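From a predicted model like this one, the values you see are computed outputs, not experimental measurements. The sequence lines fix the lettering, A, B, ..., with proteins before strands; numbering per chain opens at 1.
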There are 2 protein chains.
Amino acid sequence: MIDNDVFKALADPTRRTIFEKLAAGSMNASALREGMDISQPAMSQHLSVLRNANLVREERKGRFVNYEVNPEGLAQIAGWLAKYRAYWPARIDALRALLKEMDQ
Amino acid sequence: MIDNDVFKALADPTRRTIFEKLAAGSMNASALREGMDISQPAMSQHLSVLRNANLVREERKGRFVNYEVNPEGLAQIAGWLAKYRAYWPARIDALRALLKEMDQ
DNA sequence: AAGTCAGATAAGTGTATGCTTATATGTTCT
DNA sequence: AGAACATATAAGCATACACTTATCTGACTT
């Protein structure tokens with residue numbers, strides 16, 4: 001099951017922070033570390049997990065590696081969530097509307 | 001952070017299966033175990049985790065405990081997902097495919 | 001009241017996970 | 001070519017996690 005990687009990847013708060021940073025704008029691994037009190041290998045390992053979960057993708061830029069959000073992972077979560085549409089509370093009707101709109 | 005519990009709870013495939021079963025209809029812990037090759041304590045522990053993540057809630061029914069989906073947990077995921085709405089349109093095709101797949 | 005049943009909790013154990021330090025790979029600069 | 005830099009990988013370690021068996025609590029039954 002592929003969902004597994006996505007949820008596992010997001011189960012770690014540090015990885016969610018990294019993802020959030022990337023969502024605000026792509027950047028390389030060193031830039032990501034700024035203000036995060038995390039070692040270089042740890043960051044590299046986290047990025048590897050996020051990449052495997054299709055939450056993030058990389059692009060070599062010379063000696064840097066630029067990381068950016070990969071919508072694929074988000075789509076997987078949306079897909080999982082959609083299965084339980086029946087239980088979505090009114091409060092997130094906007095989300096449902098958006099999915100429906102895309103479905104047309 | 002509350003997201004933490006939700007994603008951690010869903011990071012385990014067994015718990016996702018349990019949740020899925022409950023989404024199809026509320027039932028007690030014993031009924032949940034049917035066809036699942038899981039010990040009674042393990043089930044109880046999983047339900048405890050799901051409950052803590054607000055993905056599930058319980059209702060005492062005499063000597064049974066009926067479990068059902070708690071939309072609160074789903075709302076948390078939807079809320080998290082909504083923050084990255086900006087990235088959805090980039091892969092509308094994937095979302096559409098997922099939705100179509102689900103509708104059958 | 002005693003027995004039985006549903007479920008929770010306790011304690012122990014093997015494995016997974018996230019970190020560390022050390023080293024390797026690959027790219028740019030002089 | 002060699003130094004400097006960005007990132008990845010290796011190996012080791014402490015903690016978290018999912019499971020097990022044993023026991024406990026609370027509710028129905030006779």
Side-chain angles (χ1 to χ4, degrees), chain A residues 1-22 25-70 73 77, chain B residues 1-22 25-70 73 77:
Chain A
M1 204 179 298
I2 289 193
D3 285 344
N4 203 35
D5 293 328
V6 188
F7 286 122
K8 256 190 187 160
L10 292 173
D12 182 77
T14 304
R15 280 195 290 269
R16 284 201 305 280
T17 300
I18 293 170
F19 182 83
E20 194 172 342
K21 282 187 114 175
L22 284 177
S26 347
M27 62 185 100
N28 58 55
S30 303
L32 273 169
R33 286 181 60 204
E34 276 167 32
M36 268 200 78
D37 189 34
I38 188 177
S39 73
Q40 181 270 315
M43 174 59 77
S44 182
Q45 285 157 16
H46 280 308
L47 285 169
S48 169
V49 172
L50 288 168
R51 195 169 351 103
N52 264 307
N54 290 314
L55 280 163
V56 139
R57 65 187 160 205
E58 64 174 50
E59 190 190 356
R60 264 261 155 199
K61 272 280 168 53
R63 129 182 95 148
F64 296 78
V65 176
N66 206 263
Y67 278 93
E68 64 180 359
V69 165
N70 182 356
I77 297 176
Chain B
M1 203 177 300
I2 289 192
D3 284 344
N4 203 34
D5 293 329
V6 188
F7 286 122
K8 255 189 186 161
L10 293 173
D12 183 80
T14 304
R15 279 195 291 269
R16 285 201 304 280
T17 301
I18 293 171
F19 182 84
E20 194 171 344
K21 282 186 114 174
L22 284 178
S26 347
M27 63 185 99
N28 58 55
S30 302
L32 273 170
R33 286 180 62 204
E34 274 167 32
M36 266 200 78
D37 189 33
I38 187 176
S39 72
Q40 180 270 312
M43 174 59 78
S44 183
Q45 286 156 15
H46 280 309
L47 285 170
S48 170
V49 172
L50 288 169
R51 196 169 349 105
N52 264 307
N54 290 313
L55 279 162
V56 140
R57 66 185 162 208
E58 63 174 51
E59 191 189 357
R60 264 262 155 199
K61 273 280 169 53
R63 132 180 94 147
F64 296 79
V65 176
N66 206 263
Y67 279 93
E68 65 180 359
V69 165
N70 181 357
I77 297 177

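- Atom pair Phe7(A):CZ and dT17(C):P shows a separation of 16 Å (rounding to whole Å applied).
- Taking every side-chain heavy atom of Ala42(B) into account, dC19(D) is the closest of dA18(D), dC19(D), dG7(C).
- The minimum heavy-atom distance linking Lys61(B) with Asn66(B) is given by the pair CG-CB, 4.4 Å.
- Contact detail for Lys8(B) and Arg15(B): the closest heavy-atom pair is O-NH2, 3.4 Å.
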Per-nt protein contacts along nucleotides 9-15 of chain D (heavy atom under 4.0 Å; B base, S backbone sugar-phosphate only, - none) come out as BB-----
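- The heavy-atom pair separating Leu55(A) from Phe19(A) by the smallest distance is O-CE1, 3.2 Å.
- Nearest heavy atom pair, residue Val6(B) against residue Gly73(B), reads CG1-O, 3.9 Å.
- Residue Lys8(B) is classed as a sugar-phosphate contact, given heavy-atom separations below 4.0 Å to backbone atoms only.
- Arg33(A) comes within contact range of no nucleotide atom at all, as no heavy-atom separation falls under 4.0 Å.
- The side chain of Ser30(A) sits closest to dA6(D) out of dA18(D), dA6(D), dC19(C).
- In the set dT21(C), dA18(D), dG7(C), dT21(C) carries the atom at the smallest distance from any side-chain atom of Ser39(A).
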Return all side-chain donor-acceptor pairs below 3.5 angstrom for residues 34-43 of chain A, not counting sequence neighbours, or 'none' if the list is empty.
from: Ser39(A); atom 1: OG; to: Ala42(A); atom 2: N; distance (Å): 3.2

